[in-house]
Structure formats: C-alpha cells, structure tokens
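Note sheet for the following structure.
The basis for the numbers below is simple: all heavy atoms, side chains too, and nothing from hydrogens, waters or symmetry mates. Values in this document were obtained by computation on a predicted structure and should not be read as measured data.
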Amino acid sequence: MATTRGDGLGYDIESFNRDGSARVIEVKTTGLGKHFPFYVSANELRVFASAPRMYPLTGALDQVCRLEPQSFVARVG
C-alpha cells in the first residue's frame, strides 16, 4: 500500500492538465524564507528531477487569490 498511496508515490497530488493529460504535484512550503532547508525524498527526486516548475504566491492568500468556500467542518450536536 505504501507504494500506491502517501509518500510512496513521490508526489502529493494527482491532477490533470487542461488537455486531460496527467499532472502530478508536490507541495513544499515554508513561512521561513527561501534559504530555510526542506526535505526531498528519493521518490520525489525521481518524479520531478527532469522538468520541475514552480509557481510562487507571495503575500496574503486573500490578496493574491480569489477564495471560494468549498468545505465545512460538521459537528454533531
């Protein structure tokens, strides 16, 4: 199961490009700046070594994105 779910795949999210082709996404984030180290697994390196791309968002999320509520926390009682 570890090779088909979780960190065993080498990416966090499986999505699709506009043309319908598969796209995999690995998320790395820090609030500590670009010089703060982060970890990369061997699987992540295998999946993303050939053509990684980055799209940074700088600033408060509500200032750089249009936010739309999509989920809620439901508690009984």
Side-chain angles (χ1 to χ4, degrees):
M1 187 92 137
T3 59
T4 61
R5 292 185 184 215
D7 290 337
L9 292 172
Y11 56 88
D12 292 327
I13 301 165
E14 185 173 16
S15 188
F16 300 93
N17 293 306
R18 289 184 181 188
D19 66 2
S21 61
R23 168 184 231 162
V24 294
I25 301 166
E26 175 63 24
V27 178
K28 300 290 185 191
T29 184
T30 180
L32 300 174
K34 66 182 179 181
H35 299 291
F36 191 78
F38 58 92
Y39 295 96
V40 178
S41 73
N43 276 339
E44 292 165 358
L45 187 59
R46 177 185 53 79
V47 171
F48 292 101
S50 62
R53 291 184 298 253
M54 180 178 77
Y55 185 79
L57 297 175
T58 304
L61 200 54
D62 64 348
Q63 299 297 310
V64 296
C65 294
R66 186 182 74 231
L67 301 176
E68 300 173 4
Q70 295 293 315
S71 63
F72 300 88
V73 174
R75 292 189 171 91
V76 176

Nearest heavy-atom pair of [X] and [Y]: which atoms, and what distance?
X: Glu26; Y: Tyr11; result: OE1-CA, 3.2 Å
X: Asn17; Y: Ala22; result: ND2-O, 3.4 Å
X: Leu9; Y: Arg46; result: O-NH2, 3.6 Å

Discussion item. Nearest 0.5 angstrom please: Gln70 CD to Glu68 CD, how far?
Written reply: 6.0 Å
Practice prompt. Answer yes if the side chains of Ser41 and Asn43 hold a donor-acceptor pair under 3.5 Å, and no otherwise.
Written response: no
